[in-house]
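Below is one structure, written out as structure tokens; the observations come after it.
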Amino acid sequence: MIDSIITALGAEGITAASSSEADPSRTDTVPGLVALVDPVVSSALWPLNLPADAPATNGVYNLAGQSSIEVDGYRLGRVDTYVLSLRSPTFDPLRTMSTELIERVAAQSGSEAWEITDAATDYEFDQKQYRAHFELQATSLAMAAPELPAAFVHPVHADAAPNALGTMNVRQTVTEHIAVVLVAEQAEVDAQRRAIETALLGLETPPDAVAPLEYAGGQRVAVSGSHVYWRELYRYDRLIRS
């Protein structure tokens, strides 16, 4: 049933994959950081340390931490935390760069979600520079080729009815519950939930199925930047016998 659900979601334009194949190590958010910040500092951006010939107005970043977005034990997203420092000998250019960075982060969209989670400004007396420090978080999907809207699919649990036979044989109806974890931009969640409903409601595929897919509920499980993770639950009945 998992493969059938993934195929049906793909037909509705939703990038779907089995949650068991999710791998957060596939993602690399450094190119996204550079694309976001480089125009702000006129390409004077470096990781960790400044070179000796760096211009006085510049930016330096470093990766400060990593965490995962986990649903039902599957790590479906990765959150990278960066510390970015913008520097300038005078304050006005620093204020302009800070404003531009804030606007670029707010306007960003796509398979990576960026947000500013902390900020501070100070003055470095030894270097005679004003500095603006930003904590940036990037959330990426644990997919080989991520694209929104996306969905991860996995079984959750199964309920079995008592044996329907009075002999030594066994015949039982098993209700399988399957989670479809939608990842979408905040403004698109409701529309994509309806697309999932269109794709899955009433779906029949497994040869042992005795009832089609039906909706069993849903809830938001995480929000990171502009990305919302919404867990939809579907169920169907299948028959097992000895």
Side-chain angles (χ1 to χ4, degrees), residues 1-29 68-79 109-113 139-161 171-241:
M1 181 60 91
I2 299 293
D3 289 341
S4 300
I5 290 175
I6 290 173
T7 300
L9 292 174
E12 289 293 324
I14 299 172
T15 305
S18 171
S19 300
S20 62
E21 297 176 358
D23 182 5
S25 66
R26 290 172 172 164
T27 61
D28 181 8
T29 56
S68 298
I69 294 178
E70 187 173 307
V71 181
D72 297 326
Y74 295 96
R75 294 186 300 157
L76 306 182
R78 194 179 79 191
V79 182
S109 63
S111 61
E112 289 181 358
T139 304
S140 53
L141 299 178
M143 284 181 168
E147 187 176 349
L148 294 185
F152 294 92
V153 185
H154 58 264
V156 179
H157 66 273
D159 297 321
R171 185 178 67 190
Q172 291 177 277
T173 300
V174 179
T175 302
E176 300 281 359
H177 294 76
I178 297 175
V180 179
V181 183
L182 168 69
V183 187
E185 296 281 354
Q186 183 172 332
E188 297 295 322
V189 170
D190 288 342
Q192 297 307 325
R193 287 182 63 202
R194 289 193 293 271
I196 291 175
E197 181 181 303
T198 299
L200 301 186
L201 205 61
L203 184 67
E204 294 184 64
T205 298
D208 59 350
V210 294
L213 273 182
E214 62 181 35
Y215 185 60
Q219 67 280 326
R220 184 182 62 193
V221 290
V223 177
S224 189
S226 61
H227 289 184
V228 175
Y229 287 67
W230 185 281
R231 179 181 181 267
E232 297 280 48
L233 196 63
Y234 283 81
R235 63 184 174 224
Y236 72 99
D237 291 341
R238 65 185 181 90
L239 189 65
I240 60 174
R241 62 184 69 193

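No hydrogens, no waters, no symmetry mates; every other heavy atom, side chains included, goes into these values.
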Salt-bridged, Asp72 to Arg231, with N to O below 4.0 Å? yes

Residues that Ser224 engages under side-chain contact (heavy atoms from CB on, under 4.5 Å), provided they are two or more places apart: Ile69, Val79, Glu115, Thr139

Could you check if a side-chain atom of Leu200 sits within less than 4.5 angstrom of a side-chain atom of Ile178, using non-hydrogen atoms only? no

Closest non-hydrogen atom pair, His154 against Tyr74: CG-CE1, 3.4 Å

Taking atom OG of Ser25 and atom CZ of Arg75, what is their separation to the nearest 0.5 Å? 8.0 Å

The reported gap from CD in Glu214 to CG in Leu233 (rounded to nearest 0.5 angstrom) is 10.5 Å

Who passes side-chain contact (heavy atoms from CB on, under 4.5 Å) against Leu239, sequence neighbours left out? Arg171, Thr173, Val210, Arg241

For Glu112, check side chain to side chain donor-acceptor pair (under 3.5 Å) against everything at least two apart and list the hits. Trp114

For side-chain contact (heavy atoms from CB on, under 4.5 Å), just list the numbers for Phe152 and Met143, CA-CA rounded to whole Å, side-chain angles, deciding distance to a tenth of an Å, and then say yes or no. CA-CA 9 Å; Phe152 294 92; Met143 284 181 168; 3.7 Å; yes

Contacts table for residues 183-193: side-chain donor-acceptor under 3.5 angstrom, sequence neighbours left out:
residue: Glu185; atom: OE1; partner: Ser226; partner atom: OG; Å: 2.8
residue: Glu185; atom: OE2; partner: Gly110; partner atom: N; Å: 3.1
residue: Arg193; atom: NE; partner: Glu232; partner atom: OE2; Å: 3.0
residue: Arg193; atom: NH2; partner: Tyr215; partner atom: OH; Å: 3.3

List the atom of Pro212, the atom of Gly202, and the distance in Å for their closest heavy-atom pair. CB-O, 3.4 Å

I need the Gln172 CD to Arg238 CZ distance, nearest 0.5 Å. 10.0 Å

Please list every donor-acceptor pair under 3.5 Å in which a side-chain atom of residues 8-17 meets a protein atom from a residue at least two apart or in another chain.
residue: Thr15; atom: OG1; partner: Glu147; partner atom: O; Å: 3.3

Could I get the full list of side-chain contact (heavy atoms from CB on, under 4.5 Å) partners for Thr7, not counting sequence neighbours? none

Determine the minimum heavy-atom distance between Gly77 and Tyr229, stating which atoms define it. CA-OH, 3.7 Å

Counting C-beta onward and ignoring hydrogens, is there a side-chain heavy-atom pair between Leu203 and Tyr234 closer than 4.5 Å? no

Rounded to the nearest 0.5 Å, what separates atom CZ in Arg78 from atom CG in Asp23? 9.5 Å

Atom CD in Glu197, atom CG in Leu213: separation rounded to 0.5 Å? 12.0 Å

Using every non-hydrogen atom in the two residues, find where Ala158 and Glu176 come nearest and quote the distance to one decimal. CB-OE1, 3.5 Å

Measure the spacing between CD of Glu21 and CD1 of Ile6 and express it to the nearest 0.5 Å. 6.5 Å

